[in-house]
Amino acid sequence: MENQNLDDTNELIKRRFEELAELNNKGFDAFAYSYDVDNYSENIKNNFEELEQKNVKIAGRIMAIRRMGKASFTHIQDRDGRIQIYLRKDEVGEEYDAFKLMDIGDIVGVTGFVFKTRTGETSVHVKSITLLSKSLRPIPIAKESVDEEGNKVIHDQFADKELRYRQRYVDLIVNPEVKEVFKKRSAIVTTIRSFLDTNEFVEVETPVLQPVYGGAAARPFVTHHNTLDMDLYLRIADELYLKRLIVGGFDRVYEISKDFRNEGIDKTHNPEFTMLELYVAYKDYDWMMKFTEQMVEDVATKVFGKTEFEIDGTMIDFKGPWIRLSMVDSIKDATGVDITNTTSEELKVALKKYNIELADDVNNGKMIDELFGVAVEPNIVQPTFVVDYPIEISPLAKKHRTKEGLVERFEGYVLGREICNAFSELNDPVDQKERFMSQVELKEAGDDEASPIDDDYIRAMEFGMPPTAGLGIGIDRLVMLLTNQPTIRDVILFPQMRKEK
RNA sequence: GGGCGCAUAGCUCAGUGGUAGAGCAUCUCCCUUUUAAGGAGAGGGUCCCUGGUUCGAGACCAGGUGCGCUCACCA
């Protein structure tokens with residue numbers, strides 16, 4: 001809900017415009033060009049002994065002001081956190097007149113020496129203060145105190161979810177833990193890149209705008225290119241392009257990209273989301289399981305210094321090897337149904353026990369997947385690879401080398417949530433064409449998530465594609481787990497929202 | 001899409017049919033080591049929107065909008 005009334009008729013904003021005018025009248029520039037920062041709050045607090053009485057230049061946003069007549073304390077927030085500054089009228093001279101016109105929210109540059117106050121707080125004793133940017137809107141400031149046990153308590157924290165997501169810039173200013181999550185997200189992605197680099201991967205970029213979409217089961221966004229006068233789809237996956245590159249002779253490629261799916265929004269789904277896809281020639285899904293474990297363990301260790309995480313109150317250990325759970329066996333154990341030797345009638349009966357009724361024309365593969373989803377998936381806690389999926393729901397995966405009706409595919413689950421999907425990639429163009437044809441049949445029967453046929457992809461495969469293992473990891477969901485965030489919106493800076501009124 | 005819930009000052013929230021409230025923030029005055037600074041005073045409202053019920057609606061009813069939780073959907 002945007003506040004229509006928060007315009008310049010609002011007294012708080014009006015007041016700040018008046019201060020701006022007064023600053024200009026007195027010859028102070030309210031919007032500076034630069035400031036030569038040479039230190040940061042955290043560094044000063046961590047290295048007090050070395051820096052005591054030494055001069056520093058810092059800059060940041062005023063987050064608290066305690067004025068005491070001819071002297072004042074304020075807290076300045078820079079990229080790392082907050083530090084207190086102390087200024088006295090008799091030392092900063094006419095700058096004190098400008099300071100009187102500064103508010104919480106204003107961005108200032110400060111030069112002074114490091115000292116500790118009577119109460120022991122590391123602070124900067126200001127010799128000069130410069131306004132760098134006047135804040136014209138009041139920020140929803142919360143106050144902090146410390147309780148008897150020494151814990152930080154935040155009072156009246158800016159908490160309106162809608163405003164926090166719509167005005168993330170404000171959320172980031174006043175809720176420091178939000179910034180921490182996104183710093184961690186950045187470190188996770190950086191560490192993944194470095195891990196892949198060490199393993200001799202080539203990072204590539206493939207089209208976002210695709211004439212034929214594929215690589216996943218989802219409804220796409222459609223757009224139009226005017227000059228070419230053709231409809232284009234925003235990618236739902238990178239898969240088919242990356243495998244074309246495997247055909248072309250790159251033997252280890254990856255892409256970290258935004259994918260787009262025109263579907264529902266909830267705790268684990270945002271219409272645009274970040275996916276890591278990687279493909280490795282001459283390897284299969286067994287190799288990929290080990291590689292996935294290593295990569296996640298590497299990220300956990302390098303970014304967080306540990307492999308055990310408390311997530312939703314449960315201890316999760318990402319240290320490999322992860323549990324291997326056969327989809328066939330797990331369904332058999334949970335329901336008694338042997339999916340390798342079953343009829344659609346039997347599956348319907350099994351699903352009914354979970355109060356699930358699907359349309360009559362749904363194939364066995366979908367029913368099996370559904371059964372897995374209700375009978376097994378919610379009970380998975382520790383990192384687990386679920387292996388060997390029905391062929392009907394895996395049109396791009398290679399047939400299992402020994403098990404009829406299954407493909408060599410695994411998905412990684414943690415706490416009942418899917419975090420990755422991988423297979424031994426189908427590299428037989430004849431088989432691939434048949435799989436596409438059955439997808440087309442599904443689509444014609446009304447399945448709007450079934451894949452369209454991609455003739456160029458078949459053509460590429462006909463030139464010869466090496467045996468290949470492929471993996472997709474939802475970066476947002478991985479970050480959610482590692483940072484213990486309850487919704488995908490808390491790991492996406494600007495989550496999709498309805499139009500503001 | 002279904003169910004449940006929420007929407008009041010810049011922020012966090014009270015307000016159960018009869019004059020619109022508090023804390024913080026803001027403004028004025030005092031205050032040169034304070035820290036949820038303190039003391040004294042003041043200003044600030046489209047009670048989400050549109051209808052309805054009523055002598056009277058922030059409150060009750062209906063519809064709408066936005067958000068949250070949840071179920072379904074999302075291999």
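Chain A is the first sequence line, chain B the second, and so forth, proteins listed ahead of strands; every chain is numbered from 1.
- Of the candidates B/U32, B/A37, B/A25, B/U32 carries the atom nearest the A/Asp90 side chain, counting heavy atoms from C-beta on.
- Of all nucleotides present, only B/C71 satisfies the Watson-Crick or G-U wobble test against B/G1, with each distance under 3.5 Å.
- Base pairing of B/U12: its partner is B/A22, meeting the Watson-Crick or G-U wobble criterion (both donor-acceptor distances under 3.5 Å).
- Evaluation of the side chain to side chain donor-acceptor pair (under 3.5 Å) test over residues 366-376 of chain A, restricted to residues two or more places apart or in two chains, returns A/Lys366-A/Asp447.
- Under 3.5 Å, the side chain of A/Gln84 and the base of B/U34 form at least one donor-acceptor pair of N or O atoms.
- Nucleotides B/A25 and B/U12 are separated by 15 Å at their P atoms, to the nearest Å.
- Side-chain polar atoms of A/Asn364 and A/Glu392 form no donor-acceptor pair below 3.5 angstrom.
- Of the N and O atoms on the side chains of A/Asn270 and A/Arg489, not one donor lies less than 3.5 Å from an acceptor on the other residue.
- When the P atom is used for both B/G44 and B/C27, the distance is 15 Å, rounded to whole Å.
- Distance noted for atom P between B/U65 and B/C29: 50 Å (whole Å).
- At a threshold of 4.5 Å between non-hydrogen side-chain atoms, the residues A/Phe410 and A/Arg324 do not count as touching.
- Judged by closest nucleotide on RNA chain B, A/Tyr86 is the one of A/Arg489 and A/Tyr86 placed further toward the 5' end.
- A cation-pi arrangement is absent between A/Arg261 and A/Phe273 under the rule of less than 6.0 angstrom and at most 45 degrees off the ring axis.
- No side-chain heavy atom of A/Asn39 sits under 4.5 Å from any side-chain heavy atom of A/Val114.
- Pairing of B/G45, defined by two Watson-Crick or G-U wobble distances under 3.5 Å, is not identified with any nucleotide.
- Ranked by how close their nearest RNA chain B nucleotide is to the 5' end, A/Met497 and A/Val374 are led by A/Met497.
- Minimum atom distance to the side chain of A/Lys267 is reached by B/C69, of the listed B/A37, B/C69, B/G10.
- Rounded to a whole angstrom, the distance from the C1' atom of B/G3 to that of B/A72 is 11 Å.
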Identify the pairs formed between an N or O of the protein and an N or O of nucleotides 21-23 of chain B at a distance under 3.5 Å, and give each distance.
from	atom 1	to	atom 2	distance (Å)
B/G23	N2	A/Asp156	OD2	3.3

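- Remark: B/G66 base-pairs with B/C6; criterion is Watson-Crick or G-U wobble with both hydrogen-bond distances under 3.5 Å.
- Contact annotation: side chain of A/Arg118 to base of B/U33, donor-acceptor pair absent below 3.5 Å.
- When each of B/U32, B/C67, B/A36 is scored by its nearest atom to the side-chain atoms of A/His155, the top-ranked nucleotide is B/A36.
- The base of B/U12 lies outside donor-acceptor range of the side chain of A/Asp160, with no N or O pair under 3.5 Å.
- Taking the side chain of A/Pro395 as heavy atoms from C-beta on, and the options B/U32, B/U12, B/A75, the nearest nucleotide is B/A75.
- Annotation for A/Val208 and A/Phe260: closest pair CG1-CE1, 3.7 Å, computed over non-hydrogen atoms.
- Rounded to whole Å, the distance from CD1 on A/Ile393 to P on B/A75 is 10 Å.
- Distance noted for atom C1' between B/C47 and B/C6: 14 Å (whole Å).
- Nearest nucleotide to the side chain of A/Asn10, out of B/G10, B/C73, B/U26: B/G10.
- Distance check on atom C1': B/G21 versus B/G45 gives 11 Å, rounded to whole Å.
- Spacing of P atoms, B/A37 relative to B/U50, comes out at 40 Å, to the nearest Å.
- Residue A/Lys143 has its side chain nearest to B/C24 when only B/C24, B/C69, B/A75 are considered.
- Residues A/Glu411 and A/Tyr413 bring a donor and an acceptor atom of their side chains to less than 3.5 Å of each other.
- Shown here for A/Arg235 and A/Thr206, the closest heavy-atom pair between the two residues is NH1-O, 2.9 Å.
- Side chain of A/Met68, nearest nucleotide from B/U34, B/C67, B/C73: B/U34.
- Side-chain N/O atoms of A/Glu162 and base N/O atoms of B/G66 include no donor-acceptor pair closer than 3.5 Å.
- Nucleotide B/A57: unpaired (no Watson-Crick or G-U wobble partner with both distances less than 3.5 Å).
- At whole-Å resolution of the value, CE in A/Met63 and P in B/A37 are 12 Å apart.
- The gap from the C1' atom of B/U53 to that of B/C11 amounts to 35 Å, rounded to the nearest Å.
- Distance from the side chain of A/Glu19 is smallest for B/C27 among the nucleotides B/A75, B/C11, B/C27.
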